[in-house]
Amino acid sequence: MSSFPRLILRKNKADAVKRFHPWIFSGAIQRNEGEIEEGSIVEVYSDRGEYLATGHYGTGGIAVKIFSFAPVTDLPQLWFDKLQSAYQLRQQLGLVNHPETNCYRLVNAEGDGFPGLIIDWYNGVAVMQAHSIGMYQQRQLIADLLQKIYGAELDAVYDKSASMLFKQKSPNHADEYLFGNTNAIEVLEYGNRFQVDWETGQKTGFFLDQREHRALLAEYAKDQKILNTFCYSGGFSIYALKAGAKQVNSVDSSVKAIAWTKDNVELNGLRQNHAAYVADVFTFLKDCDADYDLIILDPPAFAKGLSARHQAVMAYKRLNQLAIAKLRPGGLLFTFSCSQVVIPEYFNGAVTAAAIEMGRSAKILHHLSQPADHPVSIYHPEGLYLKGLVLQVGG
Ligand code: SAH
């Protein structure tokens, strides 16, 4: 018998677990047996005493984040097997030893069987972000296992969980290197060069989830006048310039982001035809010319939780309206949302309402989603957060 404390579910609450949904909400719990605190590993049982799953306990709305549906006897082995299969999937996707791309997401939380953990790979550096105390407590073990998987290819493991998990940074909980120490390196994404700074950058330092959409943009960029809003470190801008855009204007409210954009433009030898602005996108869009051939809207998540969903949908509508107004007839809109609670239907609705409001026709050319290295478990549809549309906007 294992030594993990037990959580017993209420009657009829076992079904979702049996369908492999990885979350147990606090309302489903009847009682616990044994000492349990935030981050504890617990075994979950039905009210009839049937073993269901093993996971990390949390005191919030999600009481358990499940990482195994079979009893766990050897935890390090379990994490190793999971990491190994995440790595093998990236091999299968052609991302490991890719000649032109050396950054990708290695672990996408529930999508890879690691609820509450993200690991991004940047050309030898693994940047981890735990979103639960339970996963945070496993960080050193996971860093050790990464060394086992990557061997000499691994230069460093940086844990960037503390600034996410603990509102006030404390000396006990600081972001830190768990292995090696290498800050800010250059990565290649489809042959495009980017400087990535995980210590001071947003999220893990770079938005890997837009890789395929940047490549798609390149197909439409030649000779176009392009506005890249919420540009961060200039991902879309670099691809557009390289593809021969006539002019690219990059906008972000963060001074640092604009500095990184400029650096990355330089790094790729693309200084001509580029301008970068530190500005609020909503204000910029109100004031700018209305002759763009292509506009990219990639805002941060407008809604972090369900209560903010309506406000977020309204904000997407307003933003898309402003952009549509600045496109010439026949121009293209690349529009995204990374708010998990704004499901694709709501996002499409917001964009549709924006087109209606502006009195413009619009055709959907592409429905966009997460790339394959950001997989979603079929049993956990909540793992889908990124969606996008490419529209051709008529007169
Ligand atoms: N498109 C980027 C990722 C965007 S992340 C890429 O491909 O890498 C969102 C960005 O929006 C951040 O850089 C943040 O600084 C910026 N941002 C947030 N609110 C903003 C606002 N109101 N106006 C301008 N930029 C904003």
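Since the model is a prediction, treat every value here as computed from it, not as a measurement. We count ligands from 1, going down the list as the structure has it; atoms in each ligand are counted the same way.
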Requested in this report: Could you walk me through whether Trp79 and Phe114 pass the ring-ring contact (aromatic ring centres under 6.0 Å, His included) test, one step at a time?
Outcome: CA-CA 9 Å; Trp79 295 130; Phe114 283 89; 5.5 Å; yes
Query raised in the report: Do the ring planes of Tyr385 and His374 sit parallel (below 30°), tilted (30 to 60°) or perpendicular (above 60°)?
Result: tilted
Query raised in the report: Is the NZ or CZ atom of Lys326 positioned over Tyr292's six-membered ring, under 6.0 angstrom from the centre and within 45° of the axis?
Result: no
Query raised in the report: What about Phe166 and His173, are their ring centers closer than 6.0 Å?
Result: yes
Could you check ligand 1 for N or O atoms lying under 3.5 Å from protein N or O atoms and list the pairs with distances?
from	atom 1	to	atom 2	distance (Å)
ligand 1	1 (N)	Phe230	O	3.1
ligand 1	1 (N)	Asp298	OD2	2.6
ligand 1	7 (O)	Arg214	NH2	2.9
ligand 1	8 (O)	Arg214	NH2	3.2
ligand 1	13 (O)	Gln202	NE2	3.4
ligand 1	13 (O)	Asp252	OD1	3.4
ligand 1	13 (O)	Asp252	OD2	2.6
ligand 1	15 (O)	Gln202	NE2	3.2
ligand 1	15 (O)	Asp252	OD1	2.7
ligand 1	22 (N)	Asp280	OD1	2.7
ligand 1	23 (N)	Val281	N	2.9
ligand 1	25 (N)	Ser253	N	3.0
ligand 1	25 (N)	Ser253	OG	3.2

**Report entry** Results of salt bridge (Lys or Arg N to Asp or Glu O under 4.0 Å) for Asp112 - residues two or more places apart only
**Finding:** Arg90
**Report entry** Qualifying residue, where the test is salt bridge (Lys or Arg N to Asp or Glu O under 4.0 Å) with Arg105 and the options are Asp120, Asp209, Asp373
**Finding:** Asp120
